[in-house]
Structures are given as structure tokens and as C-alpha cells.
Amino acid sequence: MKIATWNVNSVRTRLPTITKWLQEARPDVVCMQEIKCQDAQFPYEAFEALGYNIAVHGQKAYNGVAILSKYAIEESTNGLPGGDETDDHARYIEAVISADQGPMRLASIYLPNGNPKDTDKFTYKLNWMHRLRAHAKTLLAFEEKLVLAGDYNVIFRDEDCWDPKVWADDALFAPEVRDEFAALMWEGFTDAWLEKDGRGHEYTFWDYQRGAWQRGHGIHIDHLLLSPQAADALQSVHIAKDARAMDKPSDHVPVVIELDA
DNA sequence: ATGGTCGGTCCCCGA
């Protein structure tokens with residue numbers, strides 16, 4: 001089965017681009033981020049016509065995540081546990097699907113950006129990452145096939161950006177953020193890309209500004225983290241770089257894994 | 001040629 005993660009940067013504006021890619025790549029599951037709409041505005045019919053079941057956690061204008069699955073969605077949960085009433089961002093949705101070889105749990109994650117670093121946006125990011133790690137730990141204890149996929153807004157290694165000097169003061173490159181991502185991995189996850197490929201200079205995001213795509217000025221911030229049970233089934237990983245050259249592209253491209261599952 | 005972006009709550013904010 002093929003599982004994709006893709007920050008689409010508005011599901012409504014991007015709909016023709018997304019459906020075109022889905023028809024070509026034919027992923028079985030898609031973890032989508034930055035849908036930028038409320039649940040009722042989500043274009044359900046267009047994706048149902050392509051054979052997907054859908055779980056959505058939307059909000060007005062910003063953020064928003066969804067999971068599309070050709071397998072039945074047995075249950076889904078909106079929001080990352082551990083938040084209080086002040087956290088109204090739609091950044092996490094989790095679902096259990098019925099794959100051919102049994103149930104699989106997936107999350108679609110839009111981790112906070114955290115810029116600028118000297119504001120409460122950065123502390124929100126770090127708190128959110130702590131909550132994610134705590135929740136991920138409880139999920140790992142289930143010893144299931146588990147995939148945490150999404151836009152992590154973390155430049156984990158120097159090779160994950162075109163020029164570390166340019167990113168040195170950015171919230172995506174902050175040592176605390178990179179350490180927290182490492183701590184999440186250390187709980188027992190396998191990063192699909194690092195496991196199967198791991199070459200430098202393969203990016204998943206190119207800014208719309210400053211001709212970043214044309215100049216090759218990208219960063220690698222979209223990841224699929226696998227539990228040991230899911231990692232055992234990992235066959236391949238692919239960054240769908242061509243999607244950045246489509247008409248009306250997202251600034252992120254899909255990352256796709258193939259699981260023997 | 002000293003610029004060069006998108007999207008949405010649309011002229012300002014978030015990325």
C-alpha cells in the first residue's frame with residue numbers, strides 16, 4: 001500500500017492540482033495538511049469520486065488536517081491530546097484504517113512553524129512538540145503499525161536545507177526544536193526517508209518567494225515516522241518532486257512510502 | 001535587470 005503525506009496549502013484552491021496528482025500517483029492513503037478550510041467547506045465529493053474515505057479536522061482560514069483512505073476508516077480523533085482551551089489550532093488528526101493485513105493507525109500532523117523565535121509562537125511550538133512526543137509514546141506502547149506523517153516544520157539535519165547559514169536563526173533550525181525532534185525519534189520511530197534513502201539535498205518544500213524552486217533553495221521538513229511494526233513493512237520511499245512544477249503547485253511536495261501491508 | 005509569493009477572515013497576517 002502507498003501512503004502519502006502532503007501539505008497542500010489550501011485544499012480548495014489546490015483541488016485541480018491535488019486530484020490530478022492523486023490520479024497519477026494513486027496513493028491508498030493521504031495525510032493532508034494546511035487544508036485551510038472548515039469541515040463543511042472540504043471538497044468531499046471530489047475525493048470520494050476517486051475512491052477515498054475521508055476524515056477532516058478543519059478550521060477557518062488557517063491550518064487544518066485530513067486523512068484520505070481507500071481502506072475503511074474505523075475511527076478518527078481530532079486534536080492532539082494534552083492541550084487546553086487556548087489551543088484552538090487544527091493541527092492533528094488520527095485515524096485507524098482497515099488495511100489488507102489488519103488495522104493501521106495514522107496521524108496527519110501540521111506542526112507549528114514557531115517563527116519568530118522570540119515570541120510565544122516559538123514556545124507554543126516547543127510545547128506542541130512535547131505533547132506530540134508524550135502522545136506518540138502512548139501510541140508506540142500499542143505495538144501496532146503506526147505512521148505519524150506530516151509537515152514537522154523542523155530542519156533536522158544540516159543536509160536538510162540548501163544553506164544552513166541562511167536558516168541559522170530560524171525556528172525550523174533552532175537547536176531546541178531539532179533536539180525535540182530527535183527525542184521523538186528516539187522514542188522508537190524510524191524516519192522512512194532516512195531509512196531508505198537519506199541522501200542530502202532532497203527537499204520537500206521550496207518557498208514561493210525569491211525563486212526558491214528555480215534556484216534549488218529547498219528544505220526537507222515533511223516526514224513519515226514509522227513504529228517498528230510499520231518500519232518492518234517499509235518497501236520504498238519517494239519524494240514526488242515533480243509536483244512542485246505542476247500548475248498552481250503547493251510549496252510542499254508529497255512524500256510517498258510503500259508498505260508491504 | 002539590484003527584482004522575484006502565495007492564500008485567506010483579503011490591504012493585513014501567516015507561512
Side-chain angles (χ1 to χ4, degrees), chain A residues 5-21 31-44 46-47 56-66 80 83 86-92 108-129 132 149-156 160-164 166-174 176-178 180-181 203-223 240-255:
Chain A
T5 183
W6 195 6
N7 179 324
V8 296
N9 188 16
S10 174
V11 70
R12 290 176 294 169
T13 293
R14 205 72 57 215
L15 189 57
T17 310
I18 298 169
T19 53
K20 184 166 189 281
W21 184 80
C31 296
M32 206 178 267
Q33 300 90 37
E34 277 207 277
I35 62 171
K36 291 187 171 176
C37 68
Q38 293 168 299
D39 292 10
Q41 300 172 312
F42 192 87
Y44 292 94
F47 298 118
V56 177
H57 180 31
Q59 77 175 79
K60 208 180 208 181
Y62 300 115
N63 312 313
V65 285
L80 180 64
T86 66
D87 183 11
D88 55 357
H89 295 197
R91 295 181 175 275
Y92 185 93
S108 181
I109 293 169
Y110 179 44
L111 206 140
N113 177 294
N115 278 306
K117 267 201 310 190
D118 59 352
T119 66
D120 56 7
K121 292 180 182 187
F122 189 66
T123 49
Y124 174 69
K125 178 178 194 170
L126 287 176
N127 286 336
W128 206 94
M129 292 185 84
L132 177 61
D151 174 1
Y152 281 80
N153 268 317
V154 177
I155 299 169
F156 183 46
D160 294 330
C161 64
W162 61 278
D163 185 356
V166 169
W167 291 92
D169 295 324
D170 196 279
L172 278 63
F173 203 77
E176 307 95 303
V177 163
R178 300 170 87 180
E180 187 56 39
F181 187 83
Y203 306 131
T204 65
F205 168 93
W206 296 260
D207 204 295
Y208 291 124
Q209 301 183 62
R210 293 173 293 276
W213 167 245
Q214 288 76 10
R215 292 168 187 230
H217 292 178
I219 55 177
H220 187 128
I221 56 175
D222 299 272
H223 294 269
K241 191 176 177 182
D242 291 350
R244 189 63 177 80
M246 294 175 80
D247 288 335
K248 292 204 47 115
S250 171
D251 39 9
H252 295 250
V253 297
V255 184

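In what follows, chains carry the letters A, B, and so on, assigned in the order in which the sequence lines appear, proteins first and then strands, with residues in each chain numbered from 1. Since the structure is predicted, the reported quantities are computational estimates derived from the model, not experimental observations.
- At the phosphate of B/dG7, OP1 or OP2 sits under 4.0 Å from a side-chain N or O atom of A/Arg14.
- Rounded to whole Å, the separation between the C1' atoms of B/dC10 and B/dC6 comes to 12 Å.
- Atoms CG (A/Asp151) and P (B/dA15) sit 10 Å apart, rounded to a whole Å.
- Residues satisfying the ring pair (Phe, Tyr, Trp, His ring centres under 6.0 Å) criterion with A/Tyr152, sequence neighbours excluded, are A/Phe181, A/His223.
- Scanning for side-chain contact (heavy atoms from CB on, under 4.5 Å) contacts around A/His217 gives A/Trp162, A/Ala212, A/Arg215, with sequence neighbours left out.
- Side-chain N/O atoms of A/Lys248 include one lying less than 4.0 angstrom from OP1 or OP2 on B/dG7.
- Every residue two or more places apart in sequence or in another chain that forms a side-chain contact (heavy atoms from CB on, under 4.5 Å) with A/Pro116 is listed here: A/Asp118, A/Thr119, A/Lys121.
- Computed from coordinates, the A/Phe173 CZ to B/dA15 C1' distance equals 19 Å when rounded to whole Å.
- As a whole-Å value, the separation of A/Gln59 CD from B/dT9 P is 10 Å.
- The NZ atom of A/Lys36 sits 9 Å away from the P atom of B/dA15 (whole-angstrom rounding).
- Rounded to whole angstrom, the span from the CG atom of A/Asp170 across to the C1' atom of B/dG14 amounts to 13 Å.
- Qualifying side-chain contact (heavy atoms from CB on, under 4.5 Å) partners for A/Ala174, counting only residues two or more places apart in sequence or in other chains: A/Lys117, A/Phe122, A/Glu176, A/Val177.
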Provide a list of protein-nucleic acid N or O atom pairs under 3.5 angstrom, restricted to nucleotides 2-5 of chain B.
residue	atom	partner	partner atom	Å
B/dG4	N7	A/Arg215	NH2	3.2
B/dT5	O4'	A/Tyr208	O	3.1

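- Contact detail for A/Ile35 and A/His57: the closest heavy-atom pair is CD1-O, 4.3 Å.
- If you take atom P in B/dG4 and the same atom in B/dG8, they sit 22 Å apart, rounded to whole Å.
- Residue A/Gln41 contributes atom CD, which lies 11 Å from atom C1' of B/dT9 at whole-angstrom precision.
- A/Tyr110 comes within 4.0 angstrom of sugar-phosphate atoms only, judged by non-hydrogen atoms across all strands, and of no base.
- Contacts of residues 114-125 of chain A with DNA chain B (heavy atom under 4.0 Å): A/Lys121.
- Nearer the 5' end of DNA chain B, as judged by each residue's closest nucleotide, is the contact made by A/Thr13, out of A/Thr13 and A/Pro112.
- A distance of about 12 Å separates the C1' atoms of B/dT9 and B/dG14, rounded to the whole Å.
- Between A/Ser10 and B/dC6 there is no side-chain N or O to OP1 or OP2 distance below 4.0 Å.
- If A/Ala61 and A/Asn153 are placed on DNA chain B by their nearest nucleotide, the residue sitting closer to the 5' end is A/Ala61.
- Taking each heavy atom of A/Gln33 and A/Asn7 in turn, the nearest pair found is OE1-N, 3.2 Å.
- Summarising the geometry, the separation between CD on A/Gln33 and C1' on B/dG7 is reported as 17 Å, rounded to the nearest angstrom.
- With sequence neighbours left out, the side-chain contact (heavy atoms from CB on, under 4.5 Å) criterion links A/Asp170 to A/Asn115, A/Trp167, A/Leu172.
- Atom CG in A/Asn7 sits about 12 Å away from atom C1' in B/dG7, given to the nearest Å.
- Distance noted for atom C1' between B/dG7 and B/dG3: 22 Å (whole Å).
- For A/Tyr208, the ring pair (Phe, Tyr, Trp, His ring centres under 6.0 Å) criterion is met by no residue, not counting sequence neighbours.
- When distances are taken from the side chain of A/Glu34 to each of B/dG8, B/dA15, B/dG7, the shortest belongs to B/dA15.
- Side-chain atoms of A/Tyr203 and A/Arg244, non-hydrogen and from C-beta on, never get closer than 4.5 Å to each other.
- The salt bridge (charged side-chain N to carboxylate O under 4.0 Å, His left out) analysis of residues 6-21 of chain A, with sequence neighbours excluded, yields the pairs A/Lys20-A/Glu24.
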